[in-house]
Amino acid sequence: MSSELTNLSITEASKKLAAKEISAVDLARACKAEADAKNPELNAYLEVFDDVEAQAYDADAKRVQGDAGELLGIPLGVKDNILIKGKHASAASKMLENYVATYDSTAISKLKHEGAVFIGRTNMDEFALGGSTENSAFGVTKNPHDTSRVAGGTSGGSAAAVAAEMALGALGSDTGGSVRNPASFCGVVGLKPTYGAVSRFGLIAAVSSFDQIGPITKTVSDAELVFNAIKGVDPLDSTSCTHAQRTNEVLQKKIGVPRTLLASGVDAGVLAAFEKTLEQLKGQGYEIVDIEIPSVSLGLAAYYIINFAEVSSNVSRFDGVRYGLSKKGDSLAGDYAKSRAEGFGPETRRRIMLGAYVLSAGYYDAYYGKAGAARAQLTREVQDILHTVGAIAMPTMPTPAFKIGEKEDPVAMYAADLFTVTANLTGNPAISVPMGDVDGLPIGIQFTAAHGDEAALFRVGKDVLGEY
Amino acid sequence: MISKEDILKLAELSRIELKEEEIEPLQKDISNILEYVNQVSSIEGTVEKEVGLTHNVMREDIPYTEGSALKGAREDVAAAFPVQKNGYNVVRKIIQKDE
């Protein structure tokens with residue numbers, strides 16, 4: 001079930017709003033109706049805000065007064081780790097279940113300035129730790145294409161909300177693939193910007209040197225629109241920065257494929273769809289060449305070591321003293337121990353302990369030191385490759401969405417990140433674009449470009465989806 | 001396999017209370033994960049001084065101004081305290097009289 005309003009893209013809705021064919025209130029009500037009908041089953045939203053119509057009403061009022069931005073009145077979902085002042089933000093965790101944000105994240109401020117409407121906060125793996133939204137403290141999000149399967153993660157709620165038309169677009173966050181993975185599994189577009197392109201102010205930190213907020217949308221043009229609205233250097237985030245724009249036109253039509261990486265462990269249906277998409281791109285004037293990224297598997301191990309270390313440090317702030325779940329033990333140490341034992345789920349607790357291990361004296365060099373070297377090596381390899389091609393292409397995920405409960409072993413879950421973590425380690429921008437399906441289950445193709453070259457991703461993504 | 005003592009030590013460092021029945025599964029999972037990530041040991045050398053994407057940023061030494069993101073935040077922040085009194089965070093007493 002969908003409506004004429006909820007199956008619009010942001011770009012289409014924007015035109016209709018500008019032409020006064022529809023109102024923001026119409027759009028908001030339509031999205032809310034879809035959420036009322038579908039969310040009880042899908043669990044994409046942890047909360048639909050009670051002021052959605054009021055926000056939409058304000059957007060319509062602004063339009064009457066002459067405002068005309070492309071995102072004015074557009075209904076969006078917001079991942080539960082992105083702060084909206086006065087709204088709950090729990091990072092899908094018991095630790096922050098009752099926490100109310102005390103400020104707007106910069107991405108949200110910018111979208112508020114544009115007059116966007118926030119439908120609700122979307123489900124995720126707790127503290128952005130996972131790959132399927134199964135680690136949420138408030139239940140998994142089901143894949144709208146097959147409710148026995150995961151929607152992906154950690155931004156599963158955002159991807160499911162867009163795929164099921166409960167919003168026209170959504171914000172997610174990507175630490176190791178968390179925007180691209182659910183985009184692939186749910187058949188929508190997901191962009192991880194260049195590290196530093198979008199401010200992390202107001203994003204609950206997972207891995208500070210990997211995290212980026214990114215748009216999840218139905219089309220590449222929509223992703224570009226949202227990205228342009230939320231990007232920018234922010235004095236409140238010292239890691240935000242701009243990157244020089246690339247202008248090499250010869251490279252623009254050249255795509256590199258790391259064949260060796262795809263030789264095993266990838267579903268046959270995914271590979272077939274990938275080859276078919278490459279053929280389509282050839283027909284559109286692209287040259288496809290073989291490349292090698294020797295350090296990719298090493299990169300996955302390095303990714304997890306850095307993840308454990310930085311996550312462990314970042315969640316040490318949750319001690320029940322200034323905010324969050326607060327339980328009393330026999331002593332101060334006991335207060336911390338109880339609050340954290342009850343506030344954190346199993347995956348979070350595991351990663352905190354693993355972080356403590358890899359950062360402890362005697363192990364620091366062996367794990368974290370080595371991981372840093374692997375990261376630097378991988379970054380150099382990717383930078384070198386992107387001097388010879390304009391983008392690197394591979395499937396986003398090795399398989400379509402798996403069944404809920406299928407991956408019980410943490411290591412099996414980590415292994416599925418093989419294609420996505422590179423872009424987080426190196427800071428390069430990457431996009432997942434739908435490339436058909438395997439037995440009705442969507443799958444995505446991922447493109448990675450040079451730092452600051454989101455334009456390359458939008459170009460090739462639009463070509464894949466025929467958006468010109 | 002990581003020892004029970006090491007798991008308990010990690011739990012202490014992490015300030016997380018573990019139930020007895022959680023220890024053995026954690027030994028198993030953590031050992032498997034460490035074995036998996038140990039692949040990095042095959043790389044030569046350690047972290048070098050690399051020129052990263054980011055660089056030091058300093059702001060001007062002027063107080064926050066009207067309309068800044070954090071104005072009015074004091075009351076909101078105090079509202080999040082588990083127990084508050086007159087805008088103060090009520091916490092456990094940790095310094096005893098004769099110290």
Side-chain angles (χ1 to χ4, degrees), chain A residues 85 99-100 102-104 106 109 195-196 201 235-236 238-239 241 243 297-298 301-302 304-305 312 316 319-323 326 329 332-338 340-341 344 349-350 352-358 360 365-374 376-377 409-411 414 427 451, chain B residues 2 6-7 9-19 22 25-26 28-30 32-60 68-83 89 91-94:
Chain A
K85 184 177 166 120
Y99 174 73
V100 175
T102 54
Y103 58 93
D104 280 331
T106 296
S109 299
Y195 182 79
F201 182 75
L236 296 169
S238 304
T239 62
C241 55
H243 300 270
S297 324
L298 203 60
Y304 272 103
I305 291 171
S312 190
S316 63
D319 55 12
V321 177
R322 288 159 298 158
Y323 41 66
S326 184
L332 186 60
D335 294 348
Y336 297 154
K338 265 203 165 42
R340 291 161 67 79
F344 292 137
R349 294 200 297 269
R350 246 192 315 264
I352 294 168
M353 291 172 64
L354 281 157
Y357 185 92
V358 306
S360 56
D365 284 334
Y367 287 101
Y368 193 74
K370 293 278 186 186
Q377 183 165 295
D409 174 22
V411 174
Y414 297 167
H451 296 117
Chain B
I2 191 169
D6 279 352
I7 294 287
K9 179 70 187 165
L10 288 177
E12 194 192 324
L13 285 173
S14 306
R15 299 290 188 265
I16 295 176
E17 181 182 86
L18 291 181
K19 296 197 192 79
E22 289 177 304
L26 269 171
K28 180 169 147 289
D29 281 338
I30 288 185
N32 286 343
I33 295 169
L34 284 173
E35 201 185 303
Y36 178 73
V37 298
N38 209 15
Q39 295 174 52
V40 282
S41 58
S42 68
I43 195 164
E44 299 292 308
T46 54
V47 184
E48 347 161 327
K49 198 100 177 101
E50 46 176 303
V51 179
L53 291 174
T54 54
H55 51 275
N56 266 338
V57 180
M58 306 292 277
R59 69 173 179 86
E60 292 302 309
S68 83
L70 303 177
K71 181 179 162 62
R74 190 195 168 90
E75 293 72 30
D76 297 329
V77 167
F81 295 154
V83 183
N89 187 355
V91 296
R92 180 189 283 277
K93 179 173 178 176
I94 57 174

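The sequence lines fix the lettering, A, B, ..., with proteins before strands; numbering per chain opens at 1.
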One option among A/Asp409, A/Leu332, A/Val358 has the most heavy-atom pairs under 4.5 Å with chain B, and it is A/Leu332
Please rank A/Phe344, A/Tyr367, A/Tyr323 by heavy-atom pairs under 4.5 Å with chain B and give me the top one.
A/Tyr367
Which atoms of [X] come close to chain A, meaning under 4.5 Å heavy atom to heavy atom: side chain ones, backbone ones, both, or neither?
{"X": "B/Leu26", "answer": "side chain"}
{"X": "B/Ile7", "answer": "both"}
{"X": "B/Glu12", "answer": "neither"}
{"X": "B/Leu13", "answer": "side chain"}

Measure up the A/His243 and A/His451 rings against each other and bin them: parallel (under 30°), tilted (30 to 60°), perpendicular (over 60°).
parallel
Which label fits A/Tyr414 and A/Tyr304: parallel for a plane angle under 30°, tilted from 30 to 60°, or perpendicular past 60°?
parallel
Could you check which of [options] has the highest count of heavy-atom pairs closer than 4.5 Å to chain A?
{"options": "B/Asp29, B/Val91, B/Ile2", "result": "B/Asp29"}
{"options": "B/Pro82, B/Ala11, B/Ser42", "result": "B/Pro82"}
{"options": "B/Asp6, B/Val83, B/Asn38, B/Leu34", "result": "B/Leu34"}

Value rounded to 0.5 Å, distance of [atom1] in [X] from [atom2] in [Y]:
{"X": "A/Arg322", "Y": "A/Tyr99", "atom1": "CZ", "atom2": "OH", "value": "10.0 Å"}
{"X": "A/Ser238", "Y": "A/Phe201", "atom1": "OG", "atom2": "CZ", "value": "11.0 Å"}
{"X": "A/Ser316", "Y": "A/Ile352", "atom1": "OG", "atom2": "CD1", "value": "8.5 Å"}

Heavy-atom side-chain proximity of B/Leu18 to A/Met353 below 4.5 angstrom
yes
Any A/Lys370 side-chain heavy atom under 4.5 Å of A/Ile305 side chain:
no
Using heavy-atom distances under 4.5 Å, tell me whether [X] contacts chain B through its side chain, its backbone, both, or neither.
{"X": "A/Pro410", "value": "side chain"}
{"X": "A/Val100", "value": "neither"}
{"X": "A/Asp319", "value": "neither"}
{"X": "A/Ala366", "value": "backbone"}

Look only at the side chain of B/Arg15 and the backbone of A/Arg340, and say whether a donor-acceptor pair between them is shorter than 3.5 Å.
no
Examine distances only and state if a side-chain atom of B/Asn89 and a backbone atom of A/Val321 form a donor-acceptor pair shorter than 3.5 Å.
yes
